[in-house]
Number of protein chains: 2
Amino acid sequence: MTTSFYNLVDGVMRLYKLLPDGRRQIVGFSLPGDFLGMAPSGRHGFSADAIGPVTVCRFGRTAFARFAEDKPHLLRRINELAVRELDQARDHMVLLGRRSAEEKVATFLIGWRDRLAQLRGPSTNVPLPMSRLDIADYLGLTIETVSRTFTKLEREGVLDILTGGVSLRDPSRAEALAAA
Amino acid sequence: MTTSFYNLVDGVMRLYKLLPDGRRQIVGFSLPGDFLGMAPSGRHGFSADAIGPVTVCRFGRTAFARFAEDKPHLLRRINELAVRELDQARDHMVLLGRRSAEEKVATFLIGWRDRLAQLRGPSTNVPLPMSRLDIADYLGLTIETVSRTFTKLEREGVLDILTGGVSLRDPSRAEALAAA
DNA sequence: CGAATCGTTGAAAGCAGTCAACTAGGGTGG
DNA sequence: CCACCCTAGTTGACTGCTTTCAACGATTCG
């Protein structure tokens, strides 16, 4: 079993799974402070790669085992983490299975903004280091639909499209779309 | 934090999340032997209810805490479980975000068959105790699309529709649709 | 300045959704 | 025992959202 843990120190990463024919589903984006590498045994698991330059802190399986023995509450901590991840994964299932393109994009933007807020403090400015294709593969849409939806939200006065991100002109409206 | 664990002894349960407007996404079905109740802290979590009669074995949070203290490897076990669940959740994201209705239904049937096979031994007969609506809410489809897809697969000779389930007439073709 | 990549926009097609009618079981009460 | 009803499931016609295919614009980098 490959139980290496990586702690993302700086940068952004995308986690994804591929179908045999190449279709990709991004299952999450990682920000500094996030853990990676909870790969289960067997031939399962997921892939991860960097969006721009990243710094990671790697814990080998032996180093991890040593930690786990020394501090039992670390395992407890990891457990909580896994449970939180699982909850997020299930929330994303709801998004993928039951929400419209507009709701998907709005939900993504609000969620991303809130994660950034925890790191850098709140801001209506939302940097988007990932490409439109990444966003599309995260939301279960095509690149064109993502682009059109951004444009639509801009026309409606919800946001402004900037290079490398968006600015939330009407955050509450975006939040309403995300909650609905 | 509500860390009660339920062990499903007999019957079938559905786990789901709801959107404020009532849309439902079933995030998984539970079979005998499965654990439930890994609810994270805060106002998150999911709902679960029975499909038909069930028998569950409940571990209260104190009982669980006692176990966890006594046997550290139990926590380790729970951890592996959570990681497996997470992997399954991510596989389901791929299904919800990137697969067609026909692929969704075929993947569901093969997955369900394999889970039943682990409990009762292999069989081409696949009982489906859940309703079409449950299947639809699991696959991110409507009840009508599920029904039509079943009918289409029957016309194509992949399966036979029986009351309370299906029979896989051409399992390899169904597997091919599920893998594609 | 040109090439390449990324993003946007338009037109058309298609898959799944919606609305609606119909059918089939299953249980209940007369 | 049968008629009725209620729910679950199927099927049809049509709509519509998202995709597909294609062209165009913008930005970056050699």
Side-chain angles (χ1 to χ4, degrees), chain A residues 12 14 19 21-26 51-53 95-109 126-156 158-167 177 180, chain B residues 12 14 19 21-26 51-53 95-109 126-156 158-167 177 180:
Chain A
V12 182
R14 57 177 167 245
L19 286 172
D21 64 359
R23 280 175 287 179
R24 182 180 68 157
Q25 176 65 46
I26 290 183
I51 299 174
L95 179 142
L96 291 170
R98 287 290 171 237
R99 304 193 88 130
S100 69
E102 193 173 32
E103 289 172 336
K104 283 177 176 180
V105 169
T107 305
F108 163 67
L109 286 175
V126 185
L128 298 172
M130 70 291 286
S131 68
R132 291 287 189 272
L133 181 58
D134 287 334
I135 298 174
D137 284 351
Y138 181 61
L139 300 177
L141 298 170
T142 60
I143 184 177
E144 294 94 332
T145 300
V146 170
S147 184
R148 270 187 260 268
T149 306
F150 271 109
T151 304
K152 186 183 172 204
L153 290 174
E154 187 174 47
R155 272 200 315 266
E156 291 170 352
V158 177
L159 52 81
D160 291 317
I161 301 174
L162 316 171
T163 53
V166 300
S167 177
L177 282 171
Chain B
V12 182
R14 54 176 172 246
L19 286 172
D21 64 359
R23 283 176 284 180
R24 181 180 70 157
Q25 176 67 45
I26 290 184
I51 300 174
L95 179 142
L96 290 169
R98 286 295 173 232
R99 306 193 87 130
S100 67
E102 192 174 31
E103 290 172 336
K104 284 177 175 179
V105 169
T107 304
F108 162 67
L109 286 175
V126 184
L128 297 172
M130 71 290 286
S131 69
R132 291 287 189 272
L133 181 59
D134 288 333
I135 298 175
D137 284 351
Y138 181 61
L139 299 177
L141 297 171
T142 60
I143 185 177
E144 294 94 333
T145 300
V146 170
S147 184
R148 269 187 260 269
T149 306
F150 270 111
T151 304
K152 187 182 172 206
L153 290 174
E154 187 174 48
R155 272 200 315 267
E156 292 170 350
V158 177
L159 53 80
D160 291 317
I161 302 175
L162 316 172
T163 52
V166 300
S167 176
L177 282 170

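Just so it is clear: chains get the letters A, B, ... in the order the sequence lines come, proteins before strands, and each one is counted from 1. FYI, side chains are in, hydrogens and waters are out, and symmetry mates aren't considered; it's all heavy atoms of this structure. What you see is a predicted model; the values in this text were computed from it and never measured.
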For this session: Produce a footprint string for nucleotides 12-30 of chain D: one letter per nucleotide, 5' end first; B if the base is under 4.0 Å from any protein heavy atom, S if only the sugar-phosphate is, - if neither.
Result: BB----SBBB---------
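- Comparing the end axes of the helix from dC1(C)-dG30(D) to dG30(C)-dC1(D), each fitted to five base pairs by superposing C1' atoms of four pairs onto the next four, gives an inter-axis angle of 30° (nearest 10 degrees).
- For the pair S147(A) (side chain) and I143(A) (backbone), a donor-acceptor distance under 3.5 Å is absent.
- Residues L19(A) and R99(B) meet the side-chain proximity criterion, which asks for heavy atoms closer than 4.5 Å.
- Within the 4.5 Å cutoff, the side chain of F108(A) has no heavy atoms near those of the V146(A) side chain.
- Between L153(B) and L177(B) there is a side-chain heavy-atom pair separated by less than 4.5 Å.
- In this structure, L96(B) places its CG atom 20 Å from P of dC15(C), rounding to the nearest Å.
- Listed for the R98(A) side chain is a donor-acceptor partner under 3.5 Å among the backbone atoms of L141(B).
- Nucleic acid contact class of S131(B) (heavy atoms, under 4.0 Å, all strands): sugar-phosphate only.
- Between the CG atom of L128(A) and the P atom of dG7(C) there is a distance of 10 Å, given to the nearest Å.
- Looking at heavy atoms from C-beta onward, L162(A) lies out of side-chain contact with L128(A) at the 4.5 angstrom threshold.
- Taking atom CD1 on I143(B) and atom P on dA20(C), their separation rounds to 16 Å, with Å as the unit.
- We find that CD1 of I135(A) is positioned 9 Å from P of dT8(C), with the value rounded to whole Å.
- Contact between the side-chain N/O atoms of T151(A) and the OP1/OP2 oxygens of dT9(C) is found at a separation under 4.0 Å.
- Atom CD in E154(A) sits about 15 Å away from atom P in dG7(C), given to the nearest Å.
- One can place CG of L133(A) at 13 Å from P of dT8(C), the figure rounded to the nearest angstrom.
- In this structure a side-chain-to-backbone donor-acceptor pair under 3.5 Å is present from D21(A) to R23(A).
- Nucleotide dA16(C) holds its P atom 15 Å from the CZ atom of F150(B), rounded to whole Å.
- Within the 4.5 Å cutoff, side-chain heavy atoms of E102(A) are placed close to those of K152(A).
- The shortest non-hydrogen separation linking T142(A) to A136(A) is C-CB, 3.5 Å.
- Nucleotide dC15(C) holds its P atom 12 Å from the CD atom of E103(B), rounded to whole Å.
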